[in-house]
Amino acid sequence: MATYLREHRHTAPKLCVSLFVFLLFVVVPITALSVGEARLVRSNTAAKEVEDYTKYYNYVQMTRLLKFMALKYPHIANLSSIGQSVQGRELWVMRITKDPNADVPGKPKCKYVGNMHGDETISRQVLVYLVEYLLTRYGEDPRITELVTRTDIYIMPSMNPDGFEMSREGDCSGGAVGRSNARNMDLNRSFPDQFDKINIQQEDIPEVTAVIKWILEKKFVLSGNLHGGTVVASYPFDDSASHIMQGHYSRSVDDNLFKHLALTYAKNHPVMRTGEPKCPDTPDETFEDGIVNGAKWYDVPGGMQDYNYLNGNCLEITMELSCCKFPPASELKKEWDYNRESLIAYLEQVHIGVRGYVKEATNGTALPDVRIMVAGINHNLTTAQFGDYYRLLLPGTYNVSAIATGYMSMTVVGVQVVEGKATELNFTLAPLGNEPTGGITIPFTPTTTTTVPTTTSDPDSTSIETFSTTSEMGTSGANESSTPQEARPPAQPEHQPIQPQDFRHHHYNDMELFLRRYSNGFRSIAHLYSIGKSAEDRELYVMVISDNPTVHEPGEPEFKYIANMHGNEVVGRELLLNLIEYLCRNYGSDPEVTQLVNTTRIHIMPSMNPDGYEIAREGDVRGYTGRNNSNNFDLNRNFPDQFTTITEPRQPETIAVMNWLKMNPFVLSANLHGGSLVVNYPYDDDKQGRTEYSKCPDDKVFKQVARAYSQENTLMHKGHPCEDLYRSEFFEDGITNGANWYNVPGGMQDWNYLNTNCFEVTIELGCVKYPKAQHLPLYWDQNRRALLQYIHQVHRGVKGMVINIKDGTGIPNATITVEEIDHQITTNLAGDYWRLLVPGTYHLTASAQGYNSVKIYATVPEEGVELVDFRLTRVHSDPNGQAPMDPRATQDPAEVVFQSFIKDLSLGQGLEQLVQSTATESSFRYRRYKELSEFLRGLTFNFPKITSLHSLGQSVEYRTIWALEISNKPDEPETAEPKIRLVGGIHGNAPVGTELLLEFAAFLCINYGKNPTITRLINETRIVILPSINPDGRELAREKQCTSTVGMTNTHGKDLDTDFFGNASQRVVEAQPETRAVMDLILERGFTLSVALDGGSLLATYPYDKPVQPVENEETLKYLANVYARNHPKMHLGDTGCPSNDQMGNIPDGVLRAAERQSHMGSMKDFSVDFGHCPEITVYTGCCLFPPAEQLATLWAENRKALLSMLVEVHKGVRGVVKDKSGKPIVGAMIVLNGGVRVFTAEGGYFHALLAPGNHNIEAVADGYQQQRQEVVVSSYEAASSIIIEFDMDNRIFGLPREFVVATAAASMTALVVTACIIWCVCSAKSNQQKDGFHRLRQHRDDYEDEIRLTSMGSKKSLLSNEFQDESESDEDTLYANADKL
């Protein structure tokens, strides 16, 4: 057989190539027919790709390949980024394991990291090959299948993608090019070191920072760091206290284990195992058995392998794979063959030593962060989130201890470790106080974990002896080993779920402590946060429970429970606290709970109305005390309604919940109430306000999820609730349509369904609203199963991804439509979606702006969810079959990085995280003109490199109109960068805008150079701030005057926002000096966007202010106003909250066309649009024109994110360069957008225009050139698509070809010349005849007098007959008159 294999091993590649060629001609044409079609994702349908090992993958290619493999093998692969490089490239990590989207107990984590030095490239390639190898052989190769199933494998092909891009193929020695990162930092000298302090700024090594966070978070067990430059496996320590450069062996306490691990890799590598790499630059260098202690080889302070061992639970070695750092691509196949077996064998070593779980004795809860100590080896590790641990050890006998603060320590002696397989050893720790002694020591048996007391008082001691064989903890002693109580791993419990024990009513402070206790006690799965505050400033707490509680994981649905919306309906509040306890305590031990927590992100809000609860009274059966919030409004009548206008002011609790729902992609929800026993589903009201069935499009789905709850609550399912109170009431199956029960306008469940992706029902939990505390256990027993079963419903219907077929990236905000169901849902930021449906076959359509829609049939099973992915292609324009400009088509790598930067800020929590990471200490107050001027000068003094202060002119009273520019080059024109104008104080009595802009300027300057995002925004944007353009009016205005008009106008009594006129015919008087100063700035053009801040309302308006003025670019202008409003926590809700505003509650999304608010002529934003060719919106920051200074901090907090969103938005739309065929930029070319709006190219031929998301037509016009047309796709989350417009000379005259016109003109000129010659000749002949007659006349005057007179008369008649009538004398008359004189 061996001979056969040797003879035939080289035929396999040939067969593969042949197969590949066959597939190329057969599969590719078939594939081409189905480009853009959706495919159901099933694990066995993906065809294998053939790797030819002939080229290196650059960053873009590697990214595309990794994304492709993650999409192709979603059941075992998950691609994520742990951070970004200096230049913004993602640090990709492929996670390979069964069920890669969830953390489950029992699987040790191991990792490979490659390309840490950018010019050492073999590691990068072989790790990509390893990813493919593991994925393609899973399910076919038993060895690989077992490895992937039992192991959590993380592979990072490139830790230094920037360095790789700078390196060059064939460079064997490397030198300095590409080795370090883009800030010239050696990443393997940048980790914290045990012997030296590494003085490096974190912003210079984002790659190291990301990896450190990753190491500490994941608690890896085993790791390999792949390098190049020789062939050897190096193990810790890498340096020593003496830092002797070479020859000093720096031994760790796990030295023998490290040598074993290094040998495992080396002995499976045909070159490494020889110990003689024979590298050209060091031909005599040898390594015994192919391994070496790092420091003995050469001293490396700040290395990664030592950091892993000392700080991260993880044993890591460094593998040097090739003599040449960047060998030719032709060597790749050979290097892969050399390393393949070593890579696999090394991963398998993660399953040696001792492994197990640590749990609490009283309730079986998994204990994380417990120290695991091995006697005689002074190196400890800690348990992970499930209480699981993995301690790699060589075969032998060991004493192993588990030590945790607050618990009795426990030691097991005589633990036998055998070769090749980990010994399982589980610990059960008792809380201190349950045991009189200081610790427990027991003998080890392979089948049981038992306990006996010990006399040691030092819990940290590594030398613990056994003194007794009895136990006082309720577990079996050694003498009872025939009936042992073995502590099983949490994934395989042998006991009933742990039930809540403490049933009582929790008032606010008690509830807060309860939530904090569970959040701190179960940090790996529980996270407490607040979505806002009640009217009386109580926190609206939410506990999120999931295996990764702080972030949304693509593909994992978000679920929520809300209770106590009516403060006196308290059962839901207590049930949700019980549920939190139940989920936390049973996670890792109960299969159902573990599965729900691992696959669902569960948000639990115990109380939406904590104020009302505090005044409610125990024993209330059907009362109203505490039902409403402290402002006496019913929160379940306070949401915007589809049929009824809700005129009551929106309450802070309502606003907080609405914002919360907008920020999270919830799929399913339940609102827990009291007063009856039924599940109520939408709609809650109808147009007529009658009590009748009001069916929503998803009526069947709502019935399904409602029954899922009621069927698990026996009393509810009977349908006869509260017979003592409401004898005639009956609900079939315990469910009802809301409006069919009674009409509820302004309810929360309908708002969920109509405004988000979330399906919500209302669950009435009992007839008594505030029952006695002794009845609470009964409510838990009745509802426990129902609460869990309802969470399961979030995993019904269809789910999947909507992705760009070109690069595999997810498409956010795509719509999923189900035929015959008039209700769309949208994809989340990563392109993932969930669509609840009842079992059946459906016709689904996925659509997205700029993409061709895709349709598919999908069948929803009776149980579970169907996985349906959509792959969309970019749209194509019709005329020539050419695709519209794809933003990625012409981008260089830097532009790709910037696209990613803008996308990250535009999607999800990007801006919110920026806001949270840039908190600055501020002292808010109002500044008069003098202090404002000093503040602006102070910014230029303190930040001279990024600020420049200019005077635009002066006010009537000679106060300067200041303009502050913030940019990385403020005094240099940079026409390629977008320019944004921020204006405040046009009305002096509304100075909030002025103060916000001053604070915004300080915020940007202070964070420049400290926060990379702010730094990048300033470097890429020109920001011009006009804090106060009416300083005279501001001096007159007075604080706390919310409606006063004093100071609104300038000194001449002119409202400046009615003084902007571009046409002299429209202007009655000369422009005010303040207006003229701003108009001159606007007319400079070059601005991409303008935002003006005003007061007196809470909304954003867009042009025009003119009455009855059509808006050419309304879609874009409205979109820009929407961007600001939706990044404001209140504005987007559409409720101004202003008592004097007649439109209160009726402003969709908080955005209004300006003329609909108050129409007038001469506004600044109209002038900006018409004459400055720059879109401008006006933001009204609050109802009070001049609020107290104490409110400025709140107003700043509300507007900071929105202002930052404008700095992001200004980079979107479309931008480009206009030039001729020779490459010469064309200045002043006109860019016509969608046949209407015009912008003009600046110096360098640059232009930039903001556009609403979608497809747009662009026409470019310039004198002497042919008109050019293009179609572009604009995205709501991508930076402006960059296009190049090249002009041809215009060879057409009057619409005709130049050649034809020239030929015609030449012929015409020739004909004209010939005609002129003929006329001249005729005229000359006639003139000679006239001269002869004249001479004869003089000689024979008397004889011919009569004849002359007759001739003269005939001549005159002839002239008259030809209608040449002229009052002046003709030449002929003059001739005869002269003759008479003679």
Side-chain angles (χ1 to χ4, degrees), residues 503-508 510-511 534-536 538 540 561-579 604-638 651 653-654 670-680 684 709-710 713 715-716 718-731 734-736 738 741-744 746-749 760-784 786-787:
F503 292 96
R504 66 179 188 278
H505 289 296
H506 295 74
H507 284 268
Y508 177 76
D510 192 6
M511 180 186 73
S534 68
E536 293 183 349
R538 291 182 175 92
L540 301 177
Y561 272 131
I562 298 178
N564 202 211
M565 186 182 199
H566 292 145
N568 66 331
E569 298 171 11
V570 304
V571 172
R573 177 182 176 121
E574 300 307 324
L575 285 180
L576 292 189
L577 295 178
N578 296 152
L579 181 62
I604 299 174
M605 177 188 280
S607 181
M608 183 179 166
N609 184 4
D611 299 348
Y613 178 90
E614 294 302 308
I615 63 172
R617 292 293 175 262
E618 187 172 351
D620 180 6
V621 177
R622 51 192 298 184
Y624 290 91
T625 302
R627 173 187 176 91
N628 295 345
N629 76 343
S630 60
N631 291 333
N632 200 28
F633 289 102
D634 187 330
L635 299 181
N636 208 31
R637 307 294 188 278
N638 195 237
Q651 295 303 293
E653 298 90 345
T654 309
N671 180 14
L672 307 186
H673 282 246
S676 188
L677 192 63
V678 66
V679 181
N680 156 29
D684 255 339
Y709 193 98
S710 70
N713 185 318
L715 187 59
M716 182 185 290
K718 289 179 179 179
H720 290 282
C722 316
E723 292 183 291
D724 293 338
L725 298 174
Y726 315 105
R727 293 188 177 183
S728 62
E729 206 163 52
F730 171 73
F731 304 110
I735 67 174
T736 183
W741 184 16
Y742 61 93
N743 216 267
V744 178
M748 183 167 68
Q749 70 177 15
E760 180 173 280
V761 301
T762 301
I763 303 173
E764 303 283 344
L765 294 167
C767 303
V768 178
K769 294 185 175 182
Y770 201 147
K772 297 290 185 180
Q774 61 262 33
H775 299 307
L776 292 177
L778 178 62
Y779 283 100
W780 172 249
D781 290 340
Q782 290 175 345
N783 289 278
R784 177 178 65 88
L787 289 166

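All values below were derived from every heavy atom in this structure, side-chain atoms included, with hydrogens, water molecules and symmetry-related copies excluded.
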Original post:
Would the number of heavy atoms belonging to other residues, nucleotides or ligands and lying under 6.0 Å from OH of Y624 be above 12?
Top reply: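 For Y624, atom OH is not crowded (no more than 12 foreign heavy atoms under 6.0 Å).
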
Does any non-hydrogen side-chain atom of [Y] lie less than 4.5 Å from one of [X]?
| X | Y | value |
| --- | --- | --- |
| N636 | N671 | yes |
| Y508 | E614 | yes |
| W780 | L787 | yes |
| V570 | P771 | yes |
| M716 | P721 | no |
| M608 | I562 | yes |

Original post:
Could you walk me through whether V621 and K769 pass the side-chain contact (heavy atoms from CB on, under 4.5 Å) check?
Top reply: CA-CA 5 Å; V621 177; K769 294 185 175 182; over 6 Å; no

Taking all non-hydrogen atoms of both residues into account, name the closest pair between [X] and [Y] and its distance.
| X | Y | answer |
| --- | --- | --- |
| C722 | G675 | SG-O, 4.1 Å |
| F633 | N628 | O-CB, 3.3 Å |
| D611 | S630 | OD2-OG, 3.3 Å |
| L577 | P606 | CD2-CG, 3.8 Å |
| P610 | L540 | CD-CD2, 3.6 Å |
| Q651 | L635 | CB-CD2, 3.9 Å |

Original post:
Where do N578 and Y779 land on the side-chain contact (heavy atoms from CB on, under 4.5 Å) test, with the steps shown first?
Top reply: CA-CA 10 Å; N578 296 152; Y779 283 100; over 6 Å; no

Original post:
Can you tell which of T654, N631, N629 makes a side-chain hydrogen bond (donor to acceptor under 3.5 Å, both in side chains) with N638?
Top reply: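 It is T654; the other options fail the test.
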
Short side-chain donor-acceptor distance under 3.5 Å, [Y] and [X]:
| X | Y | result |
| --- | --- | --- |
| E729 | W741 | yes |
| D634 | H566 | yes |
| D684 | Q749 | yes |
| N713 | N783 | yes |

Original post:
Has K718 got its NZ or CZ under 6.0 Å from the middle of the six-membered ring of F731, at an angle within 45 degrees of the ring axis?
Top reply: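 Verdict for F731: no cation-pi partner in K718.
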
With rounding to the nearest 0.5 angstrom, report the [atom1] to [atom2] distance, [X] to [Y].
| X | Y | atom1 | atom2 | answer |
| --- | --- | --- | --- | --- |
| S710 | I735 | OG | CD1 | 6.0 Å |
| M565 | S607 | CE | OG | 11.5 Å |
| L672 | T762 | CG | OG1 | 9.0 Å |
| E618 | H505 | CD | NE2 | 4.0 Å |
| L575 | R784 | CG | CZ | 12.0 Å |
| R504 | Q774 | CZ | CD | 15.0 Å |

Under 3.5 Å, is there a donor-acceptor pair between the side chain of [X] and the main chain of [Y]?
| X | Y | result |
| --- | --- | --- |
| E574 | H506 | yes |
| N564 | R573 | no |
| E569 | G674 | yes |
| N609 | R627 | yes |
| R622 | D620 | no |

Subject >> With sequence neighbours excluded, residues passing ring-ring contact (aromatic ring centres under 6.0 Å, His included) with Y613 >> reply: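 Testing Y613 for ring-ring contact (aromatic ring centres under 6.0 Å, His included), a comparison that skips the adjacent residues, returns H507, Y770.
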
**OP:** Please name all residues satisfying side-chain hydrogen bond (donor to acceptor under 3.5 Å, both in side chains) with R637, sequence neighbours left out, ordered by chain then number.
**Re:**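 If we apply the side-chain hydrogen bond (donor to acceptor under 3.5 Å, both in side chains) test to R637, skipping adjacent residues, there are no hits.
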
Subject >> CA sep, side-chain torsions, deciding dist, call: T625, N568, side-chain contact (heavy atoms from CB on, under 4.5 Å) >> reply: CA-CA 7 Å; T625 302; N568 66 331; 6.0 Å; no

Subject >> Step-by-step side-chain contact (heavy atoms from CB on, under 4.5 Å) determination, H673 to I763 >> reply: CA-CA 6 Å; H673 282 246; I763 303 173; over 6 Å; no

